[in-house]
Number of protein chains: 2
Amino acid sequence: MRKRRSLAMNLDAVAEKAGVSTSTVSRVLNNLEIVKSSTRSRVLKVAEELNYHPNLHARSLARGKSRILGIIVSNMENPFFLDIYRTLESDAHAQGLEVVVANTDYRSEQLLASVQLMIGLRVAGLAVIVSEMEEHLIQTVANSRIPAAFYDVGTPQKNITNIRVDYRKGIKKTVSYLNALGHRRMAFVGHHSTLVPISERRKTFLESVHRCSPSAEAKIFAGPDGLDGGRQAARELLESGFRPTAILCVNDLMAVGVMRELREEGLQIPKDVSVTGFDNIKLAEFCSPPLTTNHIPREQIGHIIFQSVLGNGREEYDTGREIVIDPELVVRDSTGVAAKS
Amino acid sequence: MRKRRSLAMNLDAVAEKAGVSTSTVSRVLNNLEIVKSSTRSRVLKVAEELNYHPNLHARSLARGKSRILGIIVSNMENPFFLDIYRTLESDAHAQGLEVVVANTDYRSEQLLASVQLMIGLRVAGLAVIVSEMEEHLIQTVANSRIPAAFYDVGTPQKNITNIRVDYRKGIKKTVSYLNALGHRRMAFVGHHSTLVPISERRKTFLESVHRCSPSAEAKIFAGPDGLDGGRQAARELLESGFRPTAILCVNDLMAVGVMRELREEGLQIPKDVSVTGFDNIKLAEFCSPPLTTNHIPREQIGHIIFQSVLGNGREEYDTGREIVIDPELVVRDSTGVAAKS
DNA sequence: GTCTGCGTTGCAAGCGTTTGCAGAAATCGC
DNA sequence: GCGATTTCTGCAAACGCTTGCAACGCAGAC
């Protein structure tokens, strides 16, 4: 026998003080009905007195599984990720599951560490909402046999569902909306990235513009994600000398950053230039002017993800599929008829 | 012997395939130097092949402690909380600690559940950044012997540090700044709450206004936290018929909500009414007009919290103290000279 | 007064690690 | 070539819990 770590309160301590066996205490704490109610209340009283809290690690180990939903996101600063996380969290809590989140900050070594963590924790299900992921890591998850859902990355597999938003549709719709308002010189502000889904957005933008009016001009700008990234991209745009009458942004946060920089330059929105976003975050409604954007149903996405990883199979969305979500244009005050140049 | 759950990859499986004992595998995986390098590389190869990931629950159990920092926050939607969380997370990662967060959503049963979770996880340290907490729960944490830091709640104890922001100072400074600009009719927009720290803010506001100019008018409004809460409070203010020339908000998010509603009403900021906030979140810089606010150094707070719960004792901030942070006024464009009424 | 059956409880193995200690293998000195 | 060291490795207990199975006590049936 080794040294006894007497500090830690455990089942045995409670059992001893209550004059029963550990199994009985365990059964009481797990609400197994076979315990006589007098015993039950005595045990509960003792547990309370001793300030006992079950060791969750031991529990998970003994049960051979944990009641934890793992969530990996790129960046909680972006309300898009945050909202999905919040939905997942509330779904999980509703089922008595705990949640462990990890941010990757767009750093791949952090992603790796997060995946390892989740597998090490033997999470019951895993949601990965990041913008880039190497094939190799996807395989690691697939091999772990943990039911998982990914956002817009790779192809679905046995235990992995892939969910993506059809940005192409959203971009097309937005472009033709702006075209109808007379815009013939447009810019797209997105992320720097060589990933297929991202570069596809740029391509779609250019094609859409030219399809609407073959003589229209279209240019691409990019920056890091977030308010600052939007601002930075807008700066580059202004310095490039290109003067679009409308700017499509890949998300609302960047759009707000863009608007900030345009205002700085003395431009008025939407009089001088129209701006649109994607996501329809709460801020889109509160910024000035309120932002025209493409609504992406983040709650719905969250629910779908939850269902597909922990939906017990009998649900509509089970693991191993691809699910596509369509955005929807929400018109507010940041867009208007094109300024005559 | 019971049924063997053959699916789960474990140390034994690796040990067997590599022809060594589990202890050796364990030592390899923990980078204990006593292992011969040929054995070491063989084990690593097998672990890789088998796609082995150590079970973190078993590890924590065996080690008798976990390398986890627990964080409980009210609401990650509020960048104030989010920023502190992010700082804590990065400090923790820098030390090889993992992080588990829980949101309480201002719900006390969620707070209770979160505290239980953290204790059950035997976290190495606990940061509690919530706006309300019952004495009883504070005691639970104190009894758990886990090093903890609380934000603005209760009094410091043996293993608990309390950190708070001196809102009174910030409010006084803001009021006298506005007074100097000629404002004599001011409103304060805060949270509904009977808690001492919150009601003290209201009191401080009223006193400050009257101290600056005894004839000045001051009124209090309140709403839930967040953009919507600010908007709601502004609505009530407008409906009350009170027409302040300046509105102090208890945080930036509410201030942005307030501005939105004022604009809706056709009021111009700061020409018709000045608005100020607290926190100095990123959005304060990006909203329109950029917000005059009281900077609260959230990064610093995060670092202090981390130090005080996991600072190994030899650091400047150790558990069991009270630490007070002063806000600092940042003037932007949402404030100006009072409109002559 | 035995027997059956049921509601309760206890025993002990097992979950996948870590780690003190002892034993085995390799290295060295002479 | 042999004992003394020094490495290296394995054994087995421990971490705190769950849970299948067996055992116990007691009621009612006969």
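In what follows, every heavy atom counts, from backbone to side chain, and hydrogens, waters and symmetry copies are set aside. Reminder, nothing fancy here: chain letters follow the sequence lines and each chain counts from 1.
Rounded to a whole Å, the CG atom of Asn31(B) is 12 Å from the P atom of dT18(C). Rounded to a whole Å, the NE2 atom of His53(A) is 12 Å from the P atom of dC17(D). Rounded to an integer number of Å, the gap from CD of Glu16(A) to P of dG16(D) is 14 Å. Leu61(A) has its CG atom 12 Å from the P atom of dT19(D), to the nearest Å. Per the geometry, CZ belonging to Arg63(A) stands 17 Å off C1' belonging to dG16(C), to the nearest Å. Taking atom CG on Leu32(B) and atom P on dT18(C), their separation rounds to 9 Å, with Å as the unit. Rounded to a whole Å, the CZ atom of Arg122(B) is 13 Å from the P atom of dC15(D). Per the geometry, CG belonging to Leu121(B) stands 15 Å off C1' belonging to dC17(D), to the nearest Å.
A close approach under 4.0 Å does occur between a side-chain nitrogen or oxygen of Asn30(B) and OP1 or OP2 of dT18(C). Put simply, Asn10(B) has a side-chain N or O that comes within less than 4.0 Å of OP1 or OP2 on dG16(C). Between Arg59(B) and dT18(C) there is a side-chain N or O to OP1 or OP2 distance below 4.0 Å.
The closest side-chain donor-acceptor pair between Asp225(A) and Asn78(A) falls under 3.5 angstrom.
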Query raised in the report: After noting the C-alpha distance and the side-chain angles of Arg145(A) and Asn51(B), does the key distance pass the side-chain hydrogen bond (donor to acceptor under 3.5 Å, both in side chains) rule?
Result: CA-CA 11 Å; Arg145(A) 322 278 295 120; Asn51(B) 220 281; over 6 Å; no
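Counting heavy atoms from C-beta outward, Ile68(B) and Leu97(B) have side chains that stay 4.5 Å or more apart.
Residues that satisfy the side-chain hydrogen bond (donor to acceptor under 3.5 Å, both in side chains) test with Asn103(A), not counting sequence neighbours, are Tyr85(B), Arg86(B), Glu89(B).
With respect to Arg298(A) and Asp83(A), a salt bridge is recorded, a charged nitrogen being found less than 4.0 Å from a carboxylate O.
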Under 3.5 Å, which N/O atoms of the protein pair with N/O atoms of nucleotides 7-10 of chain D?
unit_1, atom_1, unit_2, atom_2, d
dT9(D), OP1, Thr39(B), OG1, 2.4
dT9(D), OP2, Lys36(B), N, 2.8
dG10(D), OP2, Ser21(B), N, 2.9
dG10(D), OP2, Ser21(B), OG, 3.0
dG10(D), OP2, Thr24(B), OG1, 2.6
dG10(D), N7, Arg27(B), NH2, 2.6
dG10(D), O6, Arg27(B), NH1, 3.3
dG10(D), O6, Arg27(B), NH2, 3.0

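Checking side-chain atoms of Asn30(B) against main-chain N and O of Leu32(B) turns up no donor-acceptor pair under 3.5 Å. Panel note: side chain Ser66(B), backbone Leu121(B); a donor-acceptor pair is recorded below 3.5 Å.
Closest approach to the Tyr52(B) side chain among dT17(C), dC17(D), dT18(C) is made by dT17(C) (side chain taken as heavy atoms from C-beta onward).
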